[in-house]
There are 2 protein chains.
Amino acid sequence: MTNKNDYILVVDDERAIRDMVCMALAQELYQWEEASDAHKAESIIKQNPPQLILLDWMMPGISGIDFARKLRRMPETEHIPIIMLTAKTEEDNVIRGLESGADDYLTKPFSPRELIARIKALLRRSKQENTQDIIRVNGLMLDTGSYRVEGNGQTIELGPTEFKLLRFFMENSDRVFSREQVLNNVWGDNVYVEERTVDVHIRRLRKALEKTGLQDMVQTVRGAGYRLSNK
Amino acid sequence: MTNKNDYILVVDDERAIRDMVCMALAQELYQWEEASDAHKAESIIKQNPPQLILLDWMMPGISGIDFARKLRRMPETEHIPIIMLTAKTEEDNVIRGLESGADDYLTKPFSPRELIARIKALLRRSKQENTQDIIRVNGLMLDTGSYRVEGNGQTIELGPTEFKLLRFFMENSDRVFSREQVLNNVWGDNVYVEERTVDVHIRRLRKALEKTGLQDMVQTVRGAGYRLSNK
DNA sequence: GTATAGTGTCATATATATGTAACATAACTT
DNA sequence: AAGTTATGTTACATATATATGACACTATAC
């Protein structure tokens with residue numbers, strides 16, 4: 001099923017690379033958009049988020065690695081797969097690239113076949129993970145596409161972390177997660193923060209839910225962790 | 001809770017790779033086993049199935065891809081996560097690797113950090129899938145995922161220890177356990193508490209079950225200990 | 001830049017769980 | 001039945017877990 005909104009964003013300052021990449025994409029009948037720098041890319045993403053981003057590592061202005069990191073921090077873009085494009089001499093930095101949030105990387109020069117293969121693999125994986133755009137639990141409604149939350153019809157304002165937290169609990173509702181599990185799933189694996197920090201964000205989430213009367217859905221299970229439930 | 005049977009199986013014909021990988025695993029305090037080919041790996045898996053398999057793509061004899069496919073066909077191994085290790089020149093085949101049933105792949109050369117990060121992510125995902133299950137005994141229902149207990153449809157409120165206690169008895173229903181055995185299994189091995197403490201918690205458990213009329217399932221076996229039974 | 005919002009950590013308050021002792025009751029023994 | 005032992009029950013001091021507000025610091029927006 002091809003959605004008109006499904007497209008790949010190509011971000012590279014070199015026109016030659018963009019042309020080569022886009023040619024390959026066209027041949028495979030992918031839709032695409034081009035951006036010559038991070039700023040342009042950002043405004044395109046905000047208007048219409050792509051399904052995948054091909055991102056040059058070295059760019060004037062905001063570098064690819066910084067841009068990737070930024071995208072990973074924002075809930076509305078954090079799930080978009082990123083393939084980093086690196087020049088041969090920069091190979092050593094690949095690890096830093098992956099740590100900044102890229103899902104895969106390609107070393108220039110690369111063949112169109114290789115490019116397409118990686119794109120396919122990544123899209124397949126991300127399709128599996130991306131369940132639905134709108135999740136509902138009890139009176140709660142969370143739209144992962146527009147990054148909006150409603151409780152009993154009322155709009156709820158949430159910070160990025162609370163949003164991710166609520167999303168995680170809504171995707172796994174009625175299950176208890178220990179603070180450690182919450183940290184691993186919401187904050188990420190190799191991030192070190194205190195377990196008590198979870199308490200604080202739970203508190204902030206509850207506070208935000210108060211005006212809708214849904215705050216009791218976020219439940220404490222003593223000795224075990226937290227749970228989102230409609231009971 | 002670290003289980004002695006939790007370990008990672010490393011399958012690669014090159015000793016250098018195995019050494020590098022195992023060193024990284026050791027540093028993270030993972031248990032592991034090594035196998036230099038698919039046949040050896042298979043016999044190890046049959047004896048004691050690992051929690052995760054690191055599998056080289058190119059091996060003499062049965063290739064990694066064929067072996068992965070085989071593991072996916074057998075019910076007792078189909079749920080074991082597999083990370084494929086591929087050499088750089090084999091990159092185009094990555095997709096075939098993923099299609100054969102691998103859950104993730106790493107391109108050599110890879111850094112220990114990257115290896116560990118992927119292992120952690122995969123183990124976390126697989127642990128979460130296996131954790132939830134529902135135990136039923138007579139009219140009792142205990143959900144380990146949501147930490148909920150019901151007796152004849154009614155919700156039962158339990159403290160952490162009573163929950164663990166009931167879970168233990170439900171997992172081993174109709175068997176008598178001495179107070180010492182109960183302490184070892186529910187409290188943990190190297191904890192010292194009075195044996196009579198068990199009595200008190202049994203009492204608390206019975207009290208919590210009272211409203212459902214199921215309190216008689218927790219039975220005293222004079223001189224021996226306690227038992228959970230439907231008779 | 002300055003203003004604003006978001007984050008993680010700590011200190012403190014509050015709530016709940018735990019282990020033990022003491023006494024009560026029931027069950028076997030003779 | 002009295003004596004003896006095992007278990008039941010309750011109360012309570014203590015330990016532990018969670019809630020909450022304040023604060024310093026960072027990131028983001030304007």
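In this text, all values refer to a predicted model and were calculated from it rather than measured experimentally. Reckoned from all heavy atoms, side chains included, excluding hydrogens, waters and symmetry mates. In what follows, every chain begins at residue 1, and chains take the letters A, B, ... in the order their sequences are listed.
- Without hydrogens or angle criteria, B:R179 side chain to B:G225 main chain gives no donor-acceptor distance under 3.5 Å.
- The shortest distance between the side-chain N/O atoms of B:Y226 and the OP1/OP2 oxygens of D:dA6 is not below 4.0 Å.
- Phosphate proximity of C:dT20 to B:Y192: absent, as no side-chain N or O sits under 4.0 Å from OP1 or OP2.
- A side-chain donor-acceptor contact under 3.5 Å links A:Q219 and A:R227.
- For A:W187 and C:dG8, the shortest distance from a side-chain N or O to OP1 or OP2 is below 4.0 Å.
- The side chain of B:R179 contributes no N or O atom lying less than 4.0 Å from OP1 or OP2 of D:dA6.
- With rounding to whole Å, A:M74 atom CE is found 14 Å from C:dG6 atom P.
- A:K164 has its NZ atom 14 Å from the C1' atom of C:dG8, to the nearest Å.
- In this structure, CZ of A:R73 is placed 9 Å from C1' of D:dT28, rounded to the nearest angstrom.
- Contact of B:R204 with D:dG8 (side chain to base): no donor-acceptor pair of N or O atoms is detected under 3.5 Å.
- Rounded to an integer number of Å, the gap from A:D199 CG to C:dT7 C1' is 15 Å.
- Between the P atom of D:dT26 and the CZ atom of A:R69 lies a distance of 16 Å, rounded to the nearest Å.
- In terms of phosphate contacts, B:K207 brings no side-chain nitrogen or oxygen within less than 4.0 Å of OP1 or OP2 of D:dT9.
- The shortest heavy-atom contact between A:I80 and A:R72 is O-NH1, 3.1 Å.
- An OP1 or OP2 oxygen of D:dA17 is reached within less than 4.0 angstrom by no side-chain nitrogen or oxygen of A:T220.
- In this structure a side-chain-to-backbone donor-acceptor pair under 3.5 Å is missing from A:K70 to A:E42.
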> Would A:D174 and A:L228 satisfy side-chain contact (heavy atoms from CB on, under 4.5 Å), going step by step from the backbone distance to the final call?
Replying inline: CA-CA 5 Å; A:D174 213 31; A:L228 184 82; over 6 Å; no
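- In this model, the phosphate group of C:dG6 is not approached by any side-chain N or O of A:T161 to a distance below 4.0 Å at OP1 or OP2.
- Remark: B:R203 is not in phosphate contact with D:dT7, judged by side-chain N or O atoms under 4.0 Å from OP1 or OP2.
- Using a 4.0 Å heavy-atom criterion, one finds that B:E162 contacts the sugar-phosphate atoms exclusively.
- Rounded to an integer number of Å, the gap from B:Q215 CD to D:dT7 P is 20 Å.
- The side chain of A:R222 lies closest to D:dT18, out of C:dT9, C:dC28, D:dT18.
- Taking atom CG on B:L205 and atom P on D:dT10, their separation rounds to 15 Å, with Å as the unit.
- A donor-acceptor pair under 3.5 Å is formed between the side chain of B:K211 and the backbone N or O of B:T155.
- A close approach under 4.0 Å does occur between a side-chain nitrogen or oxygen of B:R206 and OP1 or OP2 of D:dG8.
- For B:R196, no side-chain nitrogen or oxygen approaches OP1 or OP2 of C:dA21 to under 4.0 Å.
- Computed from coordinates, the B:H201 NE2 to D:dA11 C1' distance equals 15 Å when rounded to whole Å.
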